[in-house]
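To start, the structure itself, in C-alpha cells.
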Amino acid sequence: MMDRLGTGRLGRFLVGLPPYAWLALFFLVPFLIVLKISLSEPSAGAPPYLPLWDWDETGALAFHLTLGNYATLFGDELYAFAYLNSIRIAGIATLGCLLIGYPAAYAIARAPTAWRQSLLLLVALPFWTSFLIRVYAWIGILKSEGMLNALLLWLGVISEPLQILQTDLAVIIGMTYSYLPFMVLPLYANLEKMDLTLLEAAADLGCRPFKAFVAVTLPLSMPGIVAGSLLVFIPAVGEFVIPDLLGGPDTLMIGKVLWAEFFDNRDWPVASAVAIAMLVLLVAPIMIIQNARTKAEEAGK
Amino acid sequence: MASQTTAAPWNDPGAKPLIRFEGVSKRFGDFVAVDQVDLAIHKGEFFSLLGASGCGKTTLLRMLAGFETPTEGRIFIDGVDMSAVPPYERPVNMMFQSYALFPHMTVEANIAFGLKQDRLPQPVITDRTKAVLDLVQMGKFATRKPHQLSGGQRQRVALARALAKEPKVLLLDEPLGALDKKLREATQLELVNIQDRVGVTFVMVTHDQEEAMTMSSRIGVMNSGRIAQVGTPVDIYEYPESRFVADFIGAANMFEASVRQSGTDQVVVNCPELAHDLIIAHNDMLPEGTPVTVMVRPEKVAISRDKPAEGLNWAQGVVADIAYLGDVSIFHVRLESGHRIEALQTNLRHTDERKLTWEDPVYLSWHPANALVLTK
C-alpha cells in the first residue's frame with residue numbers, strides 16, 4: 001500500500017515535471033534576465049548594459065543596482081500616456097470582441113448539434129493563415145483607396161475617402177478581428193454546457209425570452225465572459241504588430257515604445273523596465289482578482 | 001386522499017373541466033409521441049399521467065406548459081384556448097424533474113423570480129416568498145444557494161417556487177424521481193397534504209404506479225401516445241378496461257378464453273388452460289365464441305389443500321415457487337396445462353403448522369365477482 005502510494009506520487013511528479021521545467025526554462029529564466037537588465041545601468045558597449053556585479057580593483061565584490069530606469073518611466077509622461085492608451089485601445093477592442101463574439105458564440109452553442117463542430121472550425125479557420133498576412137490584408141481594406149472606402153464611396157455614404165488607416169480606429173479594428181476567436185471559444189464552451197431547462201423554468205415563471213437572457217443566461221455565462229475578455233485584453237495591451245502596421249505615428253502603445261527603446265534607442269535597461277512595469281501594473285492585479293474569484297467560487301460550492 | 005375520493009366532479013356531466021385536451025397529437029418527424037388524446041381534468045384534482053418511458057406522458061405535460069406545440073388538436077385551460085399562448089403567459093407552473101433551480105440565485109431569489117415577473121410590490125413578494133417557504137418547511141434555508149442544499153431540500157424549493165405564483169394548475173414532472181425510496185414515500189403524502197391545503201389542481205407525470213396510486217384522485221394510463229384508461233386508482237386497479245392496463249397496473253393472472261354463454265349479470269367462458277368452465281360477473285351481453293381474456297388479481301385467489309366450496313371458480317395444481325416477502329407470500333402454482341397462476345397470501349401467523357411447500361398439490365379458487373372479462 002505504502003509502495004503503491006509512493007510510486008503514485010513519483011509518477012505524478014514525473015508527469016508534472018516537463019511542463020514546469022519548460023515554463024521555468026523559457027518563461028521564468030528570461031523573465032529574471034529581463035528583471036536583471038531593468039536594474040542595470042545602460043552602456044555603449046555590447047551588451048548595451050553593465051553587469052549587476054563585478055570585482056573592483058581591490059578584488060571586492062561590487063554591486064551596480066539602479067532603479068534609475070524605473071525613475072525614467074515615472075519621469076517622462078510619454079510612458080504613462082502609452083500605458084493608458086494601450087489599456088484604452090485594448091479595452092475598446094475587448095469590448096468589440098465581446099459584442100461580436102457573444103452573439104456568435106451563442107448562435108453556435110444553440111445551433112443543431114450536427115452543425116456546431118463545423119461552425120467552430122470556421123471560427124478557428126483564420127489561424128490557418130499567417131497572422132501577419134491577415135493584418136497586412138487589413139491595410140488593403142482600410143487604406144484611403146482601399147476596399148472599405150471604395151464601397152462607402154460607391155454606396156454614396158461618403159463623398160471622399162476616410163482616413164482610417166494609421167489611426168487608433170484601424171488598430172482597434174485589427175485587434176478586434178485578430179483576437180475574436182479567443183473570445184468566441186471560451187464563451188462557446190460556457191454557453192454550450194448551460195442547462196436549457198433553466199430557460200424553460202424562467203419562461204414558465206412568466207419571464208419573456210429577452211428578460212430570461214438577461215436574468216439567467218448572461219449571469220451564468222459570466223465566467224466565459226471573464227475568461228474570453230482576459231484572453232483578448234492581456235495580449236492586446238502589449239500588442240506590437242497590429243499598432244505598428246495599422247496604427248499611425250500618433251498611435252502610442254506600450255508595445256511600440258518597448259520596440260523603440262530596444263531597437264531605436266538601444267536602451268535595453270529602460271526597455272526591460274517598461275516590460276516589467278507592464279507586467280506588474282497589468283497582469284499582477286488581474287491574476288490577483290482571478291485568484292480571489294476562483295477562491296470565492298470554491299467557497300461558494 | 002380520502003377527501004379527494006368523496007368529491008368526484010368527473011362523474012358530473014354538467015361539471016366544466018379546468019383542463020381540456022381535444023384531439024391533441026404531437027409528432028416529431030415520423031415519431032408519434034402523442035396520438036389523438038381527449039382528456040378532461042377538473043379543478044382541485046390530483047391527476048397523474050402514468051406510463052412507461054416513451055409513452056408520451058411528458059410530451060403531453062410539456063404541451064400543457066407550452067414548451068411543445070400540438071401538431072393537431074387544441075388545449076383549453078379554464079375555457080381559454082392555449083394554442084397561441086406562450087409559456088410565460090399561461091396560468092400554469094411547472095416543477096421540473098431536474099428542479100431547474102437558478103444556480104446563481106439564493107433560495108429566496110429563486111422563489112421571488114416568478115413573482116417579480118408579475119411586477120408585484122416588494123412587500124407582497126417578500127410575504128409570499130416567506131409563506132411558501134414555510135409551507136415546504138424551508139424557511140431556514142432562504143439565503144442558501146441551490147448547490148448548498150440536499151436533493152430533498154432542492155425538491156422542496158422547486159415545489160415552493162412553482163406554487164408561489166398561485167397557478168391554476170401545477171405541473172409536476174416526475175417530482176420524486178430523484179429522491180431515494182424512504183424520502184420518496186414520506187414526500188408522497190406530504191405533497192398530497194400540501195395540495196389539499198393550497199387547493200391547486202395538480203397534474204403529475206410519473207412512471208411509478210405506486211406513486212400514482214398513492215397520490216392521485218384520478219390516473220390516466222398512457223400507452224404509445226394514447227390514453228389507455230382514465231379512472232380513480234380503484235377503477236384502474238379493480239376494473240381495468242384492457243389487457244394492457246390490467247397487466248401494467250399491479251400483478252394479474254390472465255387466461256385466454258372464449259364465451260360459451262352470456263347472461264345479464266354473468267358470463268360463462270371456456271378456458272383451454274382449465275379443465276372446466278369459469279363463471280364471471282359481467283354486465284354486457286357477449287356473443288357466443290367471442291375471444292376474451294379472464295383476469296384475476298393474485299390477492300383475490302385463495303389457495304388451499306382442500307377442495308373449495310360450490311359456486312367458486314377453481315383450479316388445481318402444484319406449488320412451483322414461493323416468494324416470501326415477509327408480510328405476504330406469493331405462491332406460483334403450476335396447473336396441469338403448464339399455465340401458472342399467482343396467489344397472494346397474507347402471513348397472518350409467525351409460524352403455520354399447515355404451511356404449504358414446494359410440489360404440494362393445492363386448489364386455487366376465486367369468487368365470480370372478483371374476476372374480470374376483458375375484450376380489449
Side-chain angles (χ1 to χ4, degrees), chain A residues 98 102 105-106 109-116 186-230 289-301, chain B residues 58 61-62 64-68 85-106 109-120 125 129 132 143-149 154 157-167 169-174:
Chain A
L98 190 60
Y102 199 104
Y106 189 89
R110 300 287 179 270
T113 324
W115 291 19
R116 284 185 207 161
L187 270 175
Y188 166 80
N190 174 283
L191 288 168
E192 193 259 347
K193 64 169 196 254
M194 198 187 125
D195 179 6
L196 295 182
T197 320
L198 294 176
L199 293 180
E200 287 188 347
D204 186 67
L205 292 166
C207 192
R208 285 162 180 281
F210 180 73
K211 230 183 138 199
F213 171 79
V214 175
V216 179
T217 311
L218 203 56
L220 286 177
S221 62
M222 214 29 113
I225 293 176
V226 171
S229 298
L230 288 180
I289 292 169
Q290 269 296 86
N291 208 5
R293 264 184 65 93
T294 320
K295 277 199 183 133
E297 263 169 37
E298 270 167 14
K301 285 229 156 99
Chain B
T58 301
L61 194 77
R62 288 175 60 81
L64 200 50
F67 301 137
E68 308 282 355
V85 182
Y88 50 86
E89 282 172 4
R90 294 195 181 198
V92 303
N93 283 122
M94 177 129 149
M95 187 183 151
F96 290 83
Q97 185 175 13
S98 62
Y99 308 145
L101 298 175
F102 303 122
H104 58 299
M105 297 181 196
T106 60
N110 262 285
I111 291 166
F113 185 87
L115 300 171
K116 280 189 184 146
Q117 307 308 320
D118 293 347
R119 297 177 192 283
L120 294 175
I125 295 180
T129 304
V132 284
T143 54
R144 296 262 189 106
K145 290 269 186 78
H147 59 75
Q148 294 167 304
L149 302 176
R154 279 182 223 176
V157 176
L159 176 66
R161 185 177 71 174
L163 281 174
K165 291 194 74 174
E166 296 172 359
V169 184
L170 186 78
L171 309 175
L172 304 105
D173 185 6
E174 302 270 3

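These numbers come from a predicted model, not from an experiment. Letters go in sequence order (proteins before strands), and every chain restarts at 1.
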Margin query: Between Phe102(B) and Leu205(A), is there a side-chain heavy-atom distance shorter than 4.5 Å?
Written below: yes

Margin query: Any heavy-atom pair between the side chains of Gln117(B) and Lys211(A) that's under 4.5 Å?
Written below: yes

Notebook entry, point to check: Where does Leu198(A) contact chain B at under 4.5 Å (heavy atoms): side chain, backbone, both or neither?
Noted result: both

Note to self: For chain B, which candidate among Ala202(A), Cys207(A), Ala203(A) shows the most heavy-atom pairs at distances under 4.5 Å?
What the structure shows: Cys207(A)

Check: With side chains defined as the heavy atoms from C-beta onward, is the minimum distance between Met94(B) and Glu200(A) less than 4.5 Å?
Finding: no

Notebook entry, point to check: Closest approach of Ala201(A) and Arg161(B), non-hydrogen atoms and distance?
Noted result: CB-NH2, 3.5 Å

Item checked: Leu101(B), part contacting chain A, at a heavy-atom distance under 4.5 Å -> backbone

Check: Between atom OG1 of Thr197(A) and atom CZ of Phe67(B), what is the distance when rounded to the nearest 0.5 Å?
Finding: 9.0 Å

Item checked: Structural part of Ala212(A) lying under 4.5 Å from a heavy atom of chain B -> neither

Note to self: Counting only non-hydrogen atoms closer than 4.5 Å, does Met95(B) touch chain A with its backbone (N, CA, C, O), its side chain (CB onward), both, or neither?
What the structure shows: neither

Note to self: Please check this pair: side chain of Asn93(B) against backbone of Asp204(A), looking for a donor-acceptor N/O pair closer than 3.5 Å.
What the structure shows: yes

